[in-house]
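We number each residue from 1, following the sequence as shown.
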Amino acid sequence: LSTPFPQELEEARRWEGARDVRPVDRNVRRWEGILLPNNPPYNTGAFRFELTFSPNHPLEPPCATICTPIYHPSVDPEGRVCQPLTTHQHWEPTTRAIQVLQDLLLQLDSPDPQRVLRPDVARELQERPEEFRRRAEEHTRLHAEPRPD
């Protein structure tokens with residue numbers, strides 16, 4: 001089973017939602033890069049991600065992690081993301097890596113209280129949106145990487 005990694009990597013590199021997308025330690029099954037959210041409270045920073053592909057890719061979904069600490073209801077403290085697209089019941093072998101990254105960015109840009117790994121943060125987002133936003137902005141200021149020019 002050959003993997004169309006070169007084209008997929010090239011596609012991800014050309015996408016304006018991320019920067020520095022590249023294999024980790026020359027391993028084509030592990031990519032890293034930084035995501036650039038468009039919306040507050042995250043758009044003042046950049047967030048490092050890792051995308052790991054199974055040896056059975058594209059038959060099995062890749063796994064995305066956010067390596068930069070982020071105050072978000074769908075990302076747990078270890079950086080695991082609640083991403084339905086990459087669950088076994090939703091995964092399609094025709095889904096491309098760039099779609100996984102686009103979905104990930106969309107999720108950072110519009111926190112969904114239905115996709116929850118941190119119930120306390122989701123509750124705050126629903127019940128005290130101003131408080132959530134203030135905390136997320138502060139967290140982004142403290143932890144996110146500077147955005148590339």
Side-chain angles (χ1 to χ4, degrees), residues 1-126 129 132-133 136-137 139-140 143-149:
L1 189 72
S2 76
T3 49
F5 278 121
Q7 297 94 298
E8 293 216 41
L9 187 57
E10 201 41 54
E11 204 172 32
R13 282 185 167 148
R14 283 196 308 263
W15 176 52
E16 69 284 353
R19 289 285 180 288
D20 298 335
V21 180
R22 60 175 174 259
V24 178
D25 301 326
R26 293 200 296 277
N27 175 353
V28 293
R29 297 197 181 286
R30 268 181 74 202
W31 296 1
E32 66 168 4
I34 52 178
L35 284 172
L36 306 174
N38 300 299
N39 300 341
Y42 309 110
N43 62 345
T44 55
F47 295 85
R48 190 158 295 282
F49 70 86
E50 210 166 275
L51 197 59
T52 310
F53 298 90
S54 132
N56 301 324
H57 182 79
L59 302 179
E60 284 179 13
C63 172
T65 353
I66 303 286
C67 310
T68 307
I70 186 169
Y71 191 78
H72 195 289
S74 307
V75 185
D76 77 7
E78 278 72 62
R80 287 184 294 255
V81 183
C82 173
Q83 192 177 23
L85 179 68
T86 57
T87 57
H88 285 278
Q89 62 264 39
H90 292 101
W91 180 250
E92 297 289 335
T94 52
T95 306
R96 300 181 68 78
I98 183 122
Q99 291 169 285
V100 174
L101 295 177
Q102 287 165 339
D103 181 69
L104 193 59
L105 187 64
L106 189 66
Q107 205 162 328
L108 293 187
D109 273 337
S110 35
D112 181 351
Q114 303 309 309
R115 297 176 167 191
V116 175
L117 286 178
R118 296 176 69 182
D120 54 326
V121 178
R123 201 162 33 253
E124 186 182 65
L125 171 61
Q126 282 185 295
F132 164 79
R133 191 177 170 129
E137 276 169 0
H139 202 274
T140 299
H143 300 284
E145 298 193 17
R147 285 174 82 94
D149 296 332

Chi angles and distances behind the ring-ring contact (aromatic ring centres under 6.0 Å, His included) call for Trp31, Phe53: CA-CA 9 Å; Trp31 296 1; Phe53 298 90; 4.9 Å; yes

Sub-4.5 Å side-chain heavy-atom contact between Glu50 and Arg30: yes

Sub-4.5 Å side-chain heavy-atom contact between Ile98 and Arg14: no

Flag side-chain contact, heavy atom, 4.5 Å: Asp103 against Gln107: yes

Student check: side-chain heavy atoms of Pro37 and Arg147 closer than 4.5 Å: yes

Spacing of CD1 belonging to Ile66 relative to CZ belonging to Arg80, to within rounding of 0.5 Å: 13.0 Å

Phe49 and Val81, any side-chain heavy atoms less than 4.5 Å apart: no

Donor-acceptor pair, side chain of Ser74 and main chain of Arg115, under 3.5 angstrom: yes

Main-chain N/O of Asn38 paired to Asp109 side chain as donor or acceptor, under 3.5 Å: yes

Whether His139 and His143 hold their rings parallel, tilted or perpendicular, with breakpoints at 30° and 60°: tilted

Glu8 CD to Gln99 CD distance, which is reported to the nearest 0.5 Å: 8.5 Å

Point-to-point distance, once rounded to the nearest 0.5 Å, from CH2 of Trp91 to NE2 of His57: 5.5 Å

Distance in Å, Thr140 OG1 paired with Glu145 CD, rounded so as to fall on 0.5 Å steps: 12.5 Å

Exam field: side chain Asp112 to backbone Gln114, donor-acceptor pair closer than 3.5 Å: yes

Between CD on residue Glu32 and OG1 on residue Thr52, distance to nearest 0.5 Å: 10.5 Å

Parallel, tilted or perpendicular: rings of Phe47 and Tyr42 (30°, 60°): perpendicular

